[in-house]
Amino acid sequence: MLQVSYIRDNREQVLERLAVKNFKQTELVDKVISLDDQRRQTQNRLDNISAEANSAAKQIGELMRNGKKEEAEGIKAKTGAWKEEIKQLGEQLSQLEQELQQKLVLLPNLPHSSVPKGLTPEDNEVVLEHGETPALPANALPHWELAAKYNLIDFELGVKITGAGFPVYKGKGAKLQRALINFFLAEAEKAGYDERALPLLVNEASGFGTGQLPDKEGQMYYVGLDNLYLIPTAEVPITNLYRDVILKGEELPVMNCGYTPCFRREAGSYGAHVRGLNRLHQFDKVEIVQVVHPDKSYETLEEMSKHVQGLLQKLGLPYRVLRLCGGDMGFASALTYDMETWSAAQQRWLEVSSVSNFETFQSNRLKLRFRNAEGKTQLAHTLNGSALALPRIVATLLENNQTENGIKIPEVLVPYTGFDMIS
RNA sequence: GGAGAGAUGGCAGAGUGGUCGAUUGCGGCGGUCUUGAAAACCGUUGACUGUUAAAGGUCCGGGGGUUCGAAUCCCUCUCUCUCCGCCA
């Protein structure tokens with residue numbers, strides 16, 4: 001959520017930046033400003049009358065105590081008019097505040113100045129490519145066939161238990177999952193992230209804090225009986241740990257990581273591009289989150305991107321880094337890097353991580369502040385990234401590392417899997 | 001699922017109609033003392049809004065009501081805790 005004071009002071013710039021994000025409802029900006037004007041005016045009138053009423057009430061109290069009942073009655077008679085007006089202004093005020101809030105949550109975050117213009121994934125900027133595309137044997141298979149051939153994943157069993165998009169991992173397939181999770185967590189810990197094990201169901205306030213609610217509830221599974229949502233990413237519970245918190249300056253940066261399953265409804269997706277592990281309703285992911293000083297957040301974003309790239313390098317996967325264009329970015333993000341690995345058998349790039357700086361967009365919703373050098377409270381910046389999401393990593397690992405004799409496990413994983421070959 | 005209790009400042013915990021944004025303790029910060037530290041003592045210490053700065057306004061779980069005046073009385077919702085039951 002953008003800060004109203006910022007919108008007021010930087011109207012032109014806000015409109016310009018929203019255009020980069022391809023945001024059309026620019027009239028909302030002026031609507032917000034005019035609603036805020038009305039809000040301020042009403043607040044001001046209410047404050048003045050309240051001040052009068054307060055002092056009258058005090059006087060009455062004083063007079064009563066001194067036994068001057070008649071004088072007190074005299075003042076009492078004058079208070080009736082205020083009462084009605086205070087009530088009316090109060091109602092107006094909360095009405096205006098509500099309307100303002102409703103408009104405000106519709107505005108996406110402003111993109112950073114380095115964000116390229118553009119509408120579709122084609123307009124994303126390739127920042128770098130790393131690693132060689134592996135040469136596969138002539139009879140190379142896509143991962144879903146490899147998974148069946150080596151008995152690693154059973155998609156049909158998942159359908160029986162739950163439905164499409166909920167695979168069952170078996171044997172070495174299951175072990176590989178566990179190994180990847182442990183490897184990612186160990187790497188995150190080495191990089192300074194403190195692990196959290198988290199609730200997988202969150203309440204409405206948490207959904208609002210990170211920007212999933214309102215408006216994107218269709219992407220989450222909802223447990224209506226208890227009014228809770230299954231998390232689409234660990235970002236939600238981790239970042240919300242700091243909701244309504246004022247951190248000490250020296251507590252920054254906060255660095256947390258966590259492994260969770262993630263649940264996404266992905267309504268309406270179907271077809272070949274979602275086959276196998278390419279897109280699931282439930283998948284495993286290790287997430288990294290940082291809460292940092294506003295001066296440091298872009299430095300931090302680069303550092304987080306480097307961390308994710310380090311993981312891909314250690315796994316020996318060819319990858320590229322994209323700077324997302326305005327049209328392809330998330331609602332809450334100011335700058336996002338996507339990391340994609342090359343899936344050799346499918347001959348396509350698969351997104352395995354997304355690292356974003358939200359600046360104050362989330363912290364404003366979360367009321368996540370820190371005490372700055374002047375001792376005043378200030379909104380902190382929040383960032384997060386996948387480090388990493390498992391299914392597409394598994395897909396590329398299987399495809400890229402297939403040989404005549406089976407699938408080779410990257411050396412760094414062997415201590416975690418206990419085997420170096422799937423055959 | 002049944003019964004009961006409760007929700008107040010970073011924490012603990014007073015406050016049952018007026019001078020209460022709120023006693024006190026702990027914690028935090030600053031100081032005195034000390035070679036240094038601890039102890040002791042003194043001072044200070046909520047958030048939001050508003051303003052050049054002030055003044056002023058709002059906030060004692062959320063919403064509504066009574067009253068000139070509500071942390072305090074009434075209604076309602078939500079949440080938490082304890083005991084019993086069930087259970088990993």
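Within every chain, numbering begins at 1; the chains are lettered A, B, ... in the order of the sequence lines, protein sequences first and strands thereafter.
Comparing the C1' positions of B/G13 and B/C86 gives a spacing of 36 Å, expressed to the nearest Å. Going from the P atom of B/G63 to that of B/U72 covers 13 Å, rounded to whole Å. Look at the C1' atom in both B/C73 and B/A3: the space between them is 27 Å, to the nearest Å. The same atom, P, is picked in B/G69 and in B/G64; the two are 16 Å apart, to the nearest Å. Straight-line distance between the C1' atoms of B/U49 and B/A54: roughly 14 Å, to the nearest whole Å. Only the P atoms considered, B/U67 is 30 Å distant from B/U23, to the nearest whole Å. Rounded to whole Å, the P atom of B/C84 lies 43 Å from the corresponding atom of B/C29. Only the P atoms considered, B/C11 is 25 Å distant from B/A5, to the nearest whole Å.
With a cut-off of 3.5 Å on both pairing distances, the Watson-Crick and G-U wobble pairs of RNA chain B assemble into stems of 3 or more at B:1-7 with B:78-84, B:10-12 with B:24-26, B:27-32 with B:40-45, B:46-49 with B:56-59, B:61-65 with B:73-77.
There is a side-chain donor-acceptor pair under 3.5 Å between A/Gln362 and A/Thr382. With hydrogens and angles left out, the side-chain atoms of A/Gln290 and A/Tyr193 include a donor and acceptor closer than 3.5 Å. A/Asn109 and A/Ser333 form no side-chain donor-acceptor contact under 3.5 Å, judged by distance and modelled atom types alone. In summary, the side chains of A/Gln212 and A/Thr210 do present a donor paired with an acceptor at a separation below 3.5 Å, with no hydrogens or angles considered.
Within a 6.0 Å radius of CZ in A/Arg196, more than 12 heavy atoms belonging to other residues, nucleotides or ligands are found. Heavy-atom contacts from other residues, nucleotides or ligands closer than 6.0 Å to CD of A/Glu251 number more than 12. Surrounding NZ of A/Lys216 are more than 12 heavy atoms belonging to other residues, nucleotides or ligands, all under 6.0 Å away.
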Distances for protein N/O vs nucleotides 71-78 of chain B N/O pairs under 3.5 angstrom?
none

Mind listing the N/O atom pairs, protein and nucleotides 50-56 of chain B, below 3.5 Å?
| unit_1 | atom_1 | unit_2 | atom_2 | d |
| --- | --- | --- | --- | --- |
| B/G56 | N2 | A/Asp47 | OD2 | 2.9 |

Please list, pair by pair, any protein nitrogen or oxygen found under 3.5 Å from a nitrogen or oxygen in nucleotides 21-23 of chain B.
none

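To the nearest 0.5 angstrom, A/Asn203 atom CG is 10.0 Å from A/Tyr229 atom OH. From A/Lys117, atom NZ reaches atom CG of A/Leu119 across 11.0 Å, with rounding to the nearest 0.5 Å. Atom CD1 of A/Ile7 and atom CG of A/Leu104 lie 5.0 Å apart (nearest 0.5 Å).
When the P atom of B/U58 is taken as reference, atom CD1 of A/Ile49 falls 12 Å away, rounded to whole Å. If you measure from atom CG of A/Asp244 to atom P of B/C11, you get 12 Å, rounded to the nearest angstrom. A straight line from CD of A/Glu91 to P of B/G63 spans 14 Å, rounded to a whole angstrom. Taking atom CD of A/Glu85 as the reference point, atom P of B/C68 lies 18 Å away to the nearest angstrom. Regarding A/Gln3, its CD atom lies at a distance of 12 Å from the P atom of B/C48, rounded to whole Å. Atom CD in A/Glu250 sits roughly 11 Å away from atom C1' in B/G28 (whole-Å rounding). Regarding A/Lys376, its NZ atom lies at a distance of 11 Å from the P atom of B/U49, rounded to whole Å. Atom CG of A/Leu93 and atom P of B/G63 are 13 Å apart (whole Å).
The shortest non-hydrogen separation linking A/Gly209 to A/Asn240 is CA-OD1, 4.1 Å. Of all non-hydrogen atoms in A/Tyr222 and A/Leu228, the two that sit nearest each other are CD1-O, 3.4 Å. Considering every non-hydrogen atom in both A/Ile86 and A/Leu46, the closest pair reads O-CD1, 3.8 Å. Nearest heavy-atom pair, A/Ala395 versus A/Leu277, reported as atom, atom and distance to 0.1 Å: N-CD1, 4.0 Å.
Proximity note for A/Ile246 (side chain, C-beta onward) versus B/G18, B/A47, B/G65: the nearest is B/A47.
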Stepwise side-chain contact (heavy atoms from CB on, under 4.5 Å) test for A/His281 and A/Tyr221: CA-CA 10 Å; A/His281 289 306; A/Tyr221 287 98; 3.3 Å; yes

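Summary of the strand contacts: A/Gln378 and A/Lys76 both lie near RNA chain B, and taking for each the nucleotide with the nearest heavy atom, the more 5' one is attributed to A/Gln378. Annotation: of the two residues near RNA chain B, A/Asp226 and A/Leu46, the 5′-most nearest-nucleotide partner is A/Leu46.
Counting heavy atoms from C-beta outward, A/Ser305 and A/Met339 have side chains that approach closer than 4.5 Å.
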Give every donor-acceptor pair under 3.5 Å between a side-chain atom in residues 410-419 of chain A and any protein atom, sequence neighbours left out.
| unit_1 | atom_1 | unit_2 | atom_2 | d |
| --- | --- | --- | --- | --- |
| A/Thr417 | OG1 | A/Leu413 | O | 3.3 |
| A/Thr417 | OG1 | A/Val414 | O | 3.3 |
| A/Thr417 | OG1 | A/Phe419 | N | 3.3 |
| A/Thr417 | OG1 | A/Phe419 | O | 2.7 |

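In this structure, A/Ile75 reaches neither bases nor backbone, as no heavy-atom distance under 4.0 Å exists between it and the strands shown.
Sorted by residue number, the members of residues 363-375 of chain A with any non-hydrogen atom under 4.0 Å from RNA chain B read A/Arg369, A/Arg371.
The residues A/Lys248 and A/Glu250 are annotated as not salt-bridged, no charged nitrogen and carboxylate oxygen being separated by less than 4.0 angstrom.
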